[in-house]
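Keep in mind that this is a model prediction, so the values were computed, not measured.
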4 protein chains.
Amino acid sequence: MVNKMVNNNLLDEMAKILKKSNKQTVKQKKIIEVAITLFAEKGYSNTATSEIAKMAGVAEGTIFKHYGTKENLLLSIMVPFIKDFFPTMADELIGELMNDKCTFEEFLRAFLTNRIAFISENREIFQVVIKEIIYKEELKNEILPYILEAASVRLVKVIEIFKQRGDIKDIPNDSILKMLGTVMSGFFISNFILLNKKSISEDAIEDIVFFILNGFGQSPQ
Amino acid sequence: MVNKMVNNNLLDEMAKILKKSNKQTVKQKKIIEVAITLFAEKGYSNTATSEIAKMAGVAEGTIFKHYGTKENLLLSIMVPFIKDFFPTMADELIGELMNDKCTFEEFLRAFLTNRIAFISENREIFQVVIKEIIYKEELKNEILPYILEAASVRLVKVIEIFKQRGDIKDIPNDSILKMLGTVMSGFFISNFILLNKKSISEDAIEDIVFFILNGFGQSPQ
Amino acid sequence: MVNKMVNNNLLDEMAKILKKSNKQTVKQKKIIEVAITLFAEKGYSNTATSEIAKMAGVAEGTIFKHYGTKENLLLSIMVPFIKDFFPTMADELIGELMNDKCTFEEFLRAFLTNRIAFISENREIFQVVIKEIIYKEELKNEILPYILEAASVRLVKVIEIFKQRGDIKDIPNDSILKMLGTVMSGFFISNFILLNKKSISEDAIEDIVFFILNGFGQSPQ
Amino acid sequence: MVNKMVNNNLLDEMAKILKKSNKQTVKQKKIIEVAITLFAEKGYSNTATSEIAKMAGVAEGTIFKHYGTKENLLLSIMVPFIKDFFPTMADELIGELMNDKCTFEEFLRAFLTNRIAFISENREIFQVVIKEIIYKEELKNEILPYILEAASVRLVKVIEIFKQRGDIKDIPNDSILKMLGTVMSGFFISNFILLNKKSISEDAIEDIVFFILNGFGQSPQ
DNA sequence: CATGAATGAGTGTTCATTCAT
DNA sequence: TATGAATGAACACTCATTCAT
């Protein structure tokens, strides 16, 4: 059913995508691993390549042999997450979910559960991506439109279907998209970036699902 | 009524707070102004003091005469926003709003309108504060608890009142706080940081108010 | 007798010498005072004019109004000590001592007592002068020859007289000068610079007088 | 006999001590060499790292790659001289000298000859060490007690032995130590720091040996 | 006479990047 | 492939000095 697991581990996924034929050496893996941790913690700008090298047990030159520039090392971490992996997975998931004759509530719960699991497993990379997108105006302008477009296209389809099924109020798609974007970006950023949570309880998911569906206003009796 | 304006301009407010009697020179004002713009655009770490100096038409030494360190220049921008100005204003506003016998919907609309206006007027400082809080783990750990505490204390009072008036569903305060935090942080960050909006239309406010109250799920007839 | 005190206070003496007609203002006195203390403690190079200004309760500009440059402030402290005051006093003293029909031992004791008293009273200035002469090769080359010449001329006369009186061994003047220079520079630098003593006990003076006269070797019986 | 030479070259000695297994690169040696020369001539505070770099034919960064800070570069020069090399050598020498049944005069002559040779060979480092110890109060307070203690312990033994042999007058050890310290510090500082001599003639050594043993007072017949 | 805001050349230090081994 | 010594441009920061008030 909807809970079927998809492999979410980015490090493995990257190997397939970024260097289809090039096997990563142990040292390369270690470099990426350390870079993610440090970038997530202190930000790209505040992390020295020398620090990465030391923590990874590697010579400084080795990093540049593999990634050319520090910027490129960052992109080697971010790009797979954003460009290839995210949509691919989402499509799989959405297709899977929509084939079932599930309600919007079921979809929402499954979708959130799945995305939360995904981010939990790749928490640090998520932090790197979000922090850098937010921090550098130019990076934001390059990447954000792509993400928004990719997300809109997919979500509009979903919204349309559930509107037809009568599960969603008759509000313009645009407004729904915005609100969904608002509440989801808020949820992920609050929990995984600001509060640095490692996982989300099922109760918290229930709360947010309920809230998205019903709000917390009391309609006058 | 609830829309009575409170002066929101931070630069003027800072003068009063940070240096009660010390007049800022023209050059100091220009330094702060330029620093805010550059920090907001490229982030603190990616902004050189030499660049600030050049754009402000000032010698680099002048910056350090006044602010001692680059870090302190950042704090001179952030602290007033966070520590003194935010709670003060919020209290005024909440007191004002609660005295009126308004509904939760009216309160929400007024509150959001007021806060949005405030952030719009100090958009760049808001960007600086949020970006730096998100970017540096240590800064986050120092500042975030203060903000959360300050916000919680105030909002719980408000929530209690409207619960008693029957305007808010009977959900644990904690859950409501989280959802409100989620949706508001999402709203402000999406609009003012990610989408870099300069203002918010009244329609958008209506949408978000409606959403918070009712969600967009269609309860089955 | 030989112990008659000569006024040793440099600050007063400087007023007469450096600015014969210009009275020093209170602020000027304070500047010099603070500068001497700080130069003595941390060295000229490690003392900022801003620090002097702050400790003297004076605006930075005031220092430069009076002394033009930091270098000149240093010279205003050193020059009187070296150029005018030192020889003047020594001559008075030597004249006074030689008129008496005293032994070399008496002369030595009186001379050392007098010079030690003088340096004790102007300890910090002495430290400044010695430290700077030692620290900067160029300053040394300008000042040292003058001091050596001045000292030699006076001491040779004294040595000659006591040789004729049979109080000093028949050793070349040059050798005696060197040994006297060695032992006195060693005595002053050890005590007032390295050990930072504020005064010298009479016993210590007796020891050094005895040593200069007799050494501490035991001639075989 | 007592004149057997011990290798005095500090640069070689440092290699052994400071980085037992780490080979110094050619550039590192050049940096130390130039630093010693410039520090000796103008003092640490008046020497810019950029100047050292230029004269050493090295990029400025290279200095900091190897020594971390300018302060540490200074210590890399001073510490071996003071902490390891000085006592080690002195012990070898004293042991060697005391085994022989030599007189105090022979010991003194040999000891001075040896120490003078040592300082001549490492003249500039000696200048750096002395200048910095004198110049910075805090450095003085850290280093001087160590030197005094190390010297006292060794010299007291020597003095005791020669007292028993009847070669030294029956004066308190403390007084002898002070006088010896005074005359030796005076001798080394006068000659190697103030007069900047490169070597000491044998006649000068004879003079100082004679003086220490006998003084230059004429005991009345 | 005294101030203190402003200057700008200079300083120690960092760090992404290169390249000979 | 991996190293790490070397680089040099850039950076935050200092400080003696100037000058309008």
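Taking the side chain as every heavy atom from C-beta outward, B:Thr49 and B:Tyr67 never approach each other to under 4.5 Å. Between B:Tyr44 and A:Ser45 there is no side-chain heavy-atom pair separated by less than 4.5 Å. A:Thr25 has its side chain within reach of A:Gln28: a pair of non-hydrogen atoms, C-beta onward, lies under 4.5 Å apart.
When each of C:Asn46 and D:Gly57 is assigned the nucleotide of DNA chain F with its nearest heavy atom, D:Gly57 is the one assigned upstream, toward the 5' end. Judged by closest nucleotide on DNA chain F, D:Val26 is the one of D:Val26 and C:Tyr44 placed further toward the 5' end. Residues B:Lys27 and D:Gly61 each lie close to DNA chain E; by heavy-atom proximity, the contact nearer the 5' end of the strand is made by B:Lys27. Each of A:Gly68 and C:Glu60 has a nearest nucleotide on DNA chain E; the 5'-most of these lies closest to C:Glu60.
E:dC19 atom P lies 13 Å from atom CZ of A:Phe64, rounded to whole Å. For the pair B:Gln24 CD and E:dA5 P, the interatomic distance rounds to 12 Å; values are reported in whole Å. In this structure, C:Lys29 atom NZ and E:dA2 atom P are separated by 13 Å, rounded to whole Å. Counting to the nearest Å, the C1' atom of F:dG4 and the CD atom of D:Gln28 are 12 Å from each other. The interatomic distance linking C:Tyr67 (OH) with E:dC1 (P) rounds to 12 Å, in whole Å. Rounded to whole Å, the distance from CG on B:Leu38 to P on F:dA12 is 12 Å. Rounded to whole angstrom, the span from the CG atom of A:Asn72 across to the C1' atom of E:dT17 amounts to 13 Å. Spacing between atom CD of C:Glu71 and atom P of F:dT17 amounts to 9 Å, rounded to whole angstrom units.
Of the candidates F:dG4, F:dC13, E:dT3, F:dC13 carries the atom nearest the B:Thr69 side chain, counting heavy atoms from C-beta on. For B:Lys65, counting side-chain heavy atoms from C-beta on, the closest listed nucleotide (E:dA16, F:dA20, E:dA6) is E:dA6. Taking only side-chain atoms of B:Ala48, from C-beta outward, the nucleotide of E:dG4, F:dG8, F:dA12 with the closest atom is F:dA12.
The distance from the CD1 atom of D:Ile31 to the CD1 atom of D:Ile52 is 8.5 Å, given to the nearest 0.5 Å.
A salt bridge is absent between C:Lys54 and C:Glu51; no separation between the charged side-chain nitrogens and carboxylate oxygens falls under 4.0 Å. Taking a cutoff of 4.0 Å between a charged side-chain nitrogen and a carboxylate oxygen, D:Lys131 and C:Glu137 qualify as a salt bridge. In this structure, A:Glu60 pairs ionically with D:Lys65, as a charged nitrogen and a carboxylate oxygen lie closer than 4.0 Å.
Not one side-chain nitrogen or oxygen of A:His66 sits closer than 4.0 Å to the OP1 or OP2 atom of F:dT1. Regarding contacts with the backbone of E:dC15, every side-chain N or O of A:Thr49 stays at 4.0 angstrom or more from both OP1 and OP2. When the side-chain nitrogen and oxygen atoms of D:Lys70 are compared with OP1 and OP2 of E:dG12, one or more of them lie within a distance under 4.0 Å. When the side-chain nitrogen and oxygen atoms of A:Thr62 are compared with OP1 and OP2 of F:dT3, one or more of them lie within a distance under 4.0 Å. Phosphate proximity of F:dA6 to D:Thr25: present, with a side-chain N or O under 4.0 Å from OP1 or OP2.
A side-chain contact (heavy atoms from CB on, under 4.5 Å) with A:Phe126 holds for exactly one of A:Ile130, A:Val128, A:Asn122; it is A:Ile130.
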Inset, instruction - Under 3.5 Å for both distances, Watson-Crick or G-U wobble, that's the pair rule; now give the dot-bracket for DNA chain F, with | marking pairs to another strand and [ ] for crossing ones. - result: .||||||||||||||||||||

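Using a 4.0 Å heavy-atom cutoff across all strands shown, C:Thr47 reaches sugar-phosphate atoms only and no base atom.
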